[in-house]
Amino acid sequence: DAKTTQPNSMESNEEEPVHLPCNHSTISGTDYIHWYRQLPSQGPEYVIHGLTSNVNNRMASLAIAEDRKSSTLILHRATLRDAAVYYCISGNAGNNRKLIWGLGTSLAVNP
Amino acid sequence: KAGVTQTPRYLIKTRGQQVTLSCSPISGHRSVSWYQQTPGQGLQFLFEYFSETQRNKGNFPGRFSGRQFSNSRSEMNVSTLELGDSALYLCASSQTSGGEQFFGPGTRLTVL
């Protein structure tokens, strides 16, 4: 499974967009890109996932580079509740659970 | 629909003891995965069960074992506890193996 690289921390202001980058240069053709986030004192929660095309859902958007070696999670309007650790994971969305999570990006949102 | 529940939420044990953690998945979910989370290592995959069968296993010693019951509930056991086993143990369920995972709040294990 591909290893991902994320910045340790990022900061944003409330109601501004946030772009969280992720590098996955060793990704294979069948590996999906998953994003989860973990709020303080909670287990991780699913945010979004994609394979090749950009994806949108009610929580966020996922922009995937054409060569798939990087992706960006976009929170369109950050709220205080979005302060969390964001994990970018790359791996096979089939039976393989050996996804390498890494330490994620800790996002701080300023009021 | 109730979320993933884990019991107990907190646990303190001493070295050499053994411990059993429990996870109840979301109703209808047949896949349960276990993860260990520590500050320095992040989340590390332990194993996944689907329909009472272990589907995948991470790189943990044999002291870590698990099982899944016919109602999809799962237990994880750690024998001969070591100080390094202190961690947050997370359980995640999904409808199918490889599907979107829903995590429980975790069990915080402290080994003294």
Side-chain angles (χ1 to χ4, degrees), chain A residues 1-9 20 22-24 27-51 55-60 62 73 84-107, chain B residues 2-7 9-10 21 23-26 29-51 53-60 66 68 74 76 87-108:
Chain A
D1 298 301
K3 181 180 177 181
T4 59
T5 304
Q6 300 175 254
N8 291 335
S9 61
L20 297 163
C22 179
N23 287 317
H24 27 80
I27 194 170
S28 73
T30 58
D31 287 345
Y32 280 74
I33 300 144
H34 310 259
W35 284 83
Y36 283 77
R37 71 180 186 181
Q38 188 170 20
L39 302 171
S41 301
Q42 294 185 27
E45 64 174 346
Y46 168 83
V47 176
I48 200 167
H49 78 282
L51 184 61
V55 184
N56 300 294
N57 66 21
R58 63 175 180 80
M59 288 182 69
L62 176 60
L73 178 70
V85 178
Y86 286 78
Y87 296 98
C88 166
I89 313 134
S90 177
N92 195 320
N95 294 332
N96 192 343
R97 280 298 187 208
K98 297 180 184 178
L99 304 175
I100 303 173
W101 281 67
L103 298 178
T105 296
S106 179
L107 174 66
Chain B
V4 177
T5 58
Q6 292 187 245
T7 56
R9 292 292 311 276
Y10 302 92
L21 312 181
C23 171
S24 292
I26 291 173
H29 286 194
R30 296 165 64 189
S31 171
V32 173
S33 296
W34 288 89
Y35 295 84
Q36 181 193 68
Q37 185 175 30
T38 56
Q41 297 289 327
L43 269 84
Q44 297 185 85
F45 171 77
L46 281 156
F47 28 66
E48 179 195 7
Y49 286 88
F50 183 82
S51 294
T53 302
Q54 188 179 89
R55 295 291 295 271
N56 289 293
K57 190 176 189 307
N59 297 321
F60 278 82
Q68 187 180 34
S74 177
M76 189 193 96
L88 181 67
Y89 290 89
L90 293 158
C91 162
S93 77
S94 57
Q95 286 187 317
T96 60
S97 182
E100 174 188 340
Q101 297 182 81
F102 294 82
F103 283 82
T107 294
R108 172 75 62 187

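Letters A, B, ... mirror the listed sequences (proteins, then strands); counts begin at 1.
- Top candidate by heavy-atom pairs under 4.5 Å with chain B, chosen from P44(A), G104(A), G43(A), is P44(A).
- Between chain A and the options Q44(B), Q6(B), Q37(B), heavy-atom pairs under 4.5 Å are most frequent for Q37(B).
- Interface residue L43(B): backbone and side-chain heavy atoms are both found under 4.5 Å from chain A.
- Here the shortest heavy-atom pairing between Q41(B) and L103(A) reads C-CD2, 3.7 Å.
- In this structure the side chain of Y36(A) reaches within 4.5 angstrom of the side chain of Q101(B), judged on heavy atoms.
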